[in-house]
Amino acid sequence: MSQTWLVVTLVGAGTIAIKAIGPVLLGGRPLPEGLSRVIELLAPALLGALVAVQTFGNGQALAVDERVLGVAVAAIAIWRKAPLLLVVILATVTTALARALL
Amino acid sequence: MARADRDVGDDVRGLGAVRVGLGAPRRRDDRRGGDGGAAPERAVRADRDLGGAVPDRILWSRLVHAQLVVDESWAIAAEGEGRFSRSMLLGAGVVLYVSWVAGTAIGALVGSGIGDPATFGLDAAFAALFLGLLVPLARDRRHVAAALLGAAIALALTPFAPAGVPIIAAGAACLIGLKR
């Protein structure tokens, strides 16, 4: 047990250090103009990747399964300007129903 | 001293802003709009005046904020044009941290009684959440292109790279911003 806690503590400290290093060393200064043009696109790039992997990723493999239906329903709900919580619930219920029925 | 007071005030309002932000439609314009009550509106205005363009000069404050950056808090705090709302980041980060830890504790205690979470379609929840965060950010062709390129990079690398690496690599898609 103590070894487990040692690992948890070390990994936790490492995570805190890695997360802090950028803002602590480089923060407090405005970004150069060119860099903010790139960083502006970081959010859509990463979110696009997350959507793709969460929808089609299955460990190391790619799979098309009931999640696609759930995400499709979510997309329609977003298009219809539904609140985010409703979007997530609709996707979850759709996927669960598809698994139960199909 | 005045600086510290302002930060605390921002933090408190940030929590209110996030609560409204999560309940309201995810459109940027709505979040800025008047139907969210006075406090979040003030927080957004304060951010535009103080945060965002003005960098945070207090070291320990940057250290704390850095710890609260996760996918969701970061996406909610994004205001576009490379700017971020600091109080949104703080509020969302704290709410996420508390619910994440509480959820993990509940899962550890009673999770084995639930069975396979996939039965409830919970594996689609994150995809839907990230899509909901992405759509308001995809404002013009460059943003849409970055999202599609990021998705393509991540899917292409998934069979070959360990989990997590495809997402990090997909961040390279933002380099299309270098093109005029």
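Quick note on labels: first sequence line is chain A, next is B, and so on, each numbered from 1.
Note on B:Trp100: it clusters hydrophobically with B:Met88, by side-chain heavy-atom contacts below 4.5 Å among ILVMFWY residues.
Rounding to the nearest 0.5 angstrom, the gap separating the CZ atom in A:Arg37 from the CG atom in B:Leu178 is 8.0 Å. To the nearest 0.5 Å, atoms CG (B:Leu133) and CG (A:Leu84) are separated by 5.5 Å. Rounded to the nearest 0.5 Å, atoms CZ (B:Phe126) and CZ (A:Arg67) are 13.0 Å apart.
Closest non-hydrogen pair, A:Ala49 versus B:Gly150, comes out as CB-O, 3.5 Å. Contact record, B:Gly177 with A:Val38: C-CG2, 4.3 Å, taken as the closest heavy-atom pair. Taking each heavy atom of A:Leu90 and A:Thr94 in turn, the nearest pair found is O-OG1, 2.6 Å.
Residue contact with chain B, scored on non-hydrogen atoms closer than 4.5 Å, involves the backbone of A:Ala61 exclusively. For B:Ala172, no part sits under 4.5 Å from any heavy atom of chain A, backbone or side chain. Of the atoms belonging to A:Ala75, heavy atoms from both backbone and side chain fall under 4.5 Å from chain B. Residue B:Ala138: no heavy atom, backbone or side chain, is found under 4.5 Å from chain A. In this structure, chain B has a heavy atom under 4.5 Å from the side chain of A:Leu62, while its backbone stays farther away. With a 4.5 Å cut-off on non-hydrogen atoms, B:Leu131 touches chain A through its backbone and its side chain both.
Chosen from A:Val71, A:Leu42, A:Val88, the residue pairing most often with chain B at heavy-atom distances under 4.5 Å is A:Leu42. Taking B:Ala173, B:Pro159, B:Ala145 one by one and counting their heavy-atom pairs under 4.5 Å with chain A, the maximum is reached by B:Pro159. In terms of heavy-atom pairs under 4.5 Å with chain B, the best-connected choice from A:Ala77, A:Pro44, A:Ala20 is A:Pro44. For the set B:Thr119, B:Ile168, B:Asp71, B:Ile167, the entry with the most heavy-atom pairs within less than 4.5 Å of chain A is B:Ile167. The candidate from B:Ala151, B:Ala128, B:Ala154, B:Ala125 with the greatest count of non-hydrogen atom pairs under 4.5 Å with chain A is B:Ala151. For the set A:Thr95, A:Leu50, A:Thr15, the entry with the most heavy-atom pairs within less than 4.5 Å of chain B is A:Leu50. In terms of non-hydrogen atom pairs under 4.5 Å with chain A, the most contact-rich of B:Leu175, B:Leu122, B:Asp123 is B:Asp123. Comparing A:Leu97, A:Ile21, A:Val53 by heavy-atom pairs within less than 4.5 Å of chain B, the highest count is held by A:Val53. By number of non-hydrogen pairs under 4.5 angstrom with chain A, the leading residue of B:Leu149, B:Leu157, B:Leu148, B:Leu63 is B:Leu63.
Remark: side-chain polar atoms of B:Ser73 are paired, donor with acceptor, to backbone N or O of B:Leu68 under 3.5 angstrom. Side chain of B:Gln67 to main chain of A:Ile16: a donor-acceptor pair is present (N/O by atom type, distance under 3.5 Å, no hydrogens or angles). Between the side chain of B:Arg142 and the backbone N or O of A:Leu41, no donor-acceptor pair lies under 3.5 Å.
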